Amino acid sequence: MSAFTTEDLFRIMRECAGEEEAVDLSSAAAEQEFALLGYDSLALMEAISRVERGYGITLPEETLGEALTPAAFVTAVNAALADRMPAAGAA
Amino acid sequence: MTTAPTTAGPTTTEAGTARAVVTGVGVLAPNGIGAEEYWAATLRGRSGIARITRFDPSSYPSRLAGEVTGFSVRDHIPSRLVPQTDRTTQFALAGADWALADAGLNADSLPADERGVVTASASGGFEFGQRELGHLWGKDPKHVSAYMSFAWFYAVNSGQVSIRHDLRGPTGVLVTDQAGGLDAVAQARRRIRRGTPLMLTGGMDASLCPYGLAAQISAGILSRSEDPTRAYLPFDAAADGHVPGEGGAILTLEDADRARERGARVHGEIGGYAATFDPRPGSGRPSNLERAVRGALDDAGLRPGDIAFVLADGAGEPEPDRVEAQALTAVFGPGGVPVTVPKTMTGRLYSGAAPLDLVTALFALRDGLVPPTVHVEETTGHDIDLVTGAPRPVTGDAALVLARGRGGFNSAMVVRGPAAA
């Protein structure tokens with residue numbers, strides 16, 4: 001069970017950058033690129049900033065350029081969370 | 001009327017002779033949302049000036065404003081854009097939508113590079129800036145919105161409107177305080193003369209937050225009256241400053257021939273324009289406002305007697321009022337033309353004021369009715385024929401709009417009504 005889920009990310013994206021009228025942020029959207037979902041790099045920067053604040057982590061610089069889909073973003077967040085909590089990762 | 005090339009005014013040496021007509025308007029004003037609601041309220045003399053409600057103004061020396069009430073952001077702005085926009089930009093986005101709809105146009109009516117947007121801005125997104133600077137000061141840089149990178153700055157309205165409607169032609173922003181509202185429309189007209197068929201233009205300002213009000217108070221020209229009927233009295237012996245307001249208008253400007261070809265309904269024409277700059281205060285040299293007025297008339301190819309009425313800037317301070325009244329008297333003769341300041345019902349809207357006045361002038365020409373200057377009673381010392389009390393019937397098909405910006409900016413624009421355009 002991941003500590004951070006696609007649903008968590010979509011909630012944050014809605015808060016910080018709204019929701020495109022024509023886009024359904026359901027689980028099917030997790031594998032689509034952010035650009036197709038209507039989110040630009042500023043929206044991602046804003047989301048990264050909110051996740052870092054909310055979860056007490058620092059995401060690597062590459063997240064912005066490499067996490068092109070919600071699924072990849074969630075993976076990056078969970079990797080950072082695991083780094084922060086090595087005991088939980090080892091269990 | 002003539003369609004021949006006109007005499008150049010001081011700042012207008014234009015290539016091309018295409019005429020620019022107004023085919024759409026979008027209005028957000030303290031006394032009415034939407035052009036017709038605003039116009040009906042203005043003819044009735046209904047003021048939108050009252051005590052500030054967006055925050056508690058008790059601790060400020062000036063507590064009145066013209067607030068836009070009843071504008072539901074979620075009803076007019078895509079949710080995607082709400083977190084990244086200041087109220088100023090939300091007004092501009094709504095105004096642009098309405099101006100295009102009023103013109104009967106949608107985004108793909110023309111190739112994207114044949115449509116552009118030029119707006120004016122006096123303050124940018126102050127409320128957004130206040131919130132994020134609060135985060136920076138009270139928390140840390142990580143709490144500052146990524147959208148602070150553009151949400152506050154002067155060009156943001158042009159930028160967001162450009163993105164929303166895919167306007168890839170000429171784009172820009174004019175920053176000349178309250179004169180900017182005319183300067184932006186004039187720039188849009190230049191672009192039409194140079195071959196861009198469609199331009200959105202005008203201006204919106206909305207800075208009625210503590211930070212914005214503090215900035216305006218620091219200029220020392222806001223009224224401190226607590227009485228909404230005595231706080232903004234241009235040309236009145238009791239004038240002691242102005243009341244700030246929020247809102248403005250966005251206009252759809254089109255090449256007249258193209259507009260006619262597509263059968264567009266035309267509100268009127270931007271007939272002439274000139275801008276001048278005043279000498280340094282204390283230099284002893286006179287204001288150049290009169291030269292702007294004469295330049296706009298020359299640019300329109302009209303004489304003073306062709307102007308049916310004037311929408312004055314109406315600073316509401318003794319010295320600027322005196323200068324404006326003198327310029328009008330010099331050009332039109334003592335009491336030579338009806339003069340009005342409908343912004344007594346909205347407060348001064350900064351870059352939004354003059355575009356709103358252009359809409360007012362076009363509707364007044366259409367209906368043959370000049371709206372009143374409300375609350376002003378005693379104009380002793382000014383030889384102008386101020387329209388007070390009730391709307392005044394007029395005939396004629398051209399009007400003059402003046403706008404002056406703090407720092408010495410004078411702009412004058414002549415509009416022709418729908419019958420003449």
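Just so it is clear, the structure is predicted and the values come from calculations on it, not from any experiment.
W152(B) CH2: 12 or fewer foreign heavy atoms inside a 6.0 Å radius. Within 6.0 Å of CZ on R131(B) lie more than 12 heavy atoms contributed by other residues, nucleotides or ligands. Other residues, nucleotides and ligands place more than 12 heavy atoms under 6.0 Å from the OH atom of Y55(A).
Note that OG of S145(B) is 7.0 Å distant from CZ of R50(A), once rounded to the nearest 0.5 Å. Put simply, CD on Q84(B) and CD on E46(A) are 10.0 Å apart, with the number rounded to the nearest 0.5 Å. To the nearest 0.5 Å, atoms OG (S49(A)) and NE2 (H143(B)) are separated by 7.5 Å. Here the straight-line distance linking atom CZ of R80(B) with atom CZ of R14(A) works out to 13.0 Å at 0.5 Å rounding. Of the inter-residue distances, the one linking M148(B) atom CE with L42(A) atom CG reads 13.0 Å to the nearest 0.5 angstrom.
Closest heavy-atom contact between Y147(B) and A17(A): OH-CB, 3.5 Å.
Within the 4.5 angstrom heavy-atom criterion, only side-chain atoms of E52(A), from C-beta onward, approach chain B.
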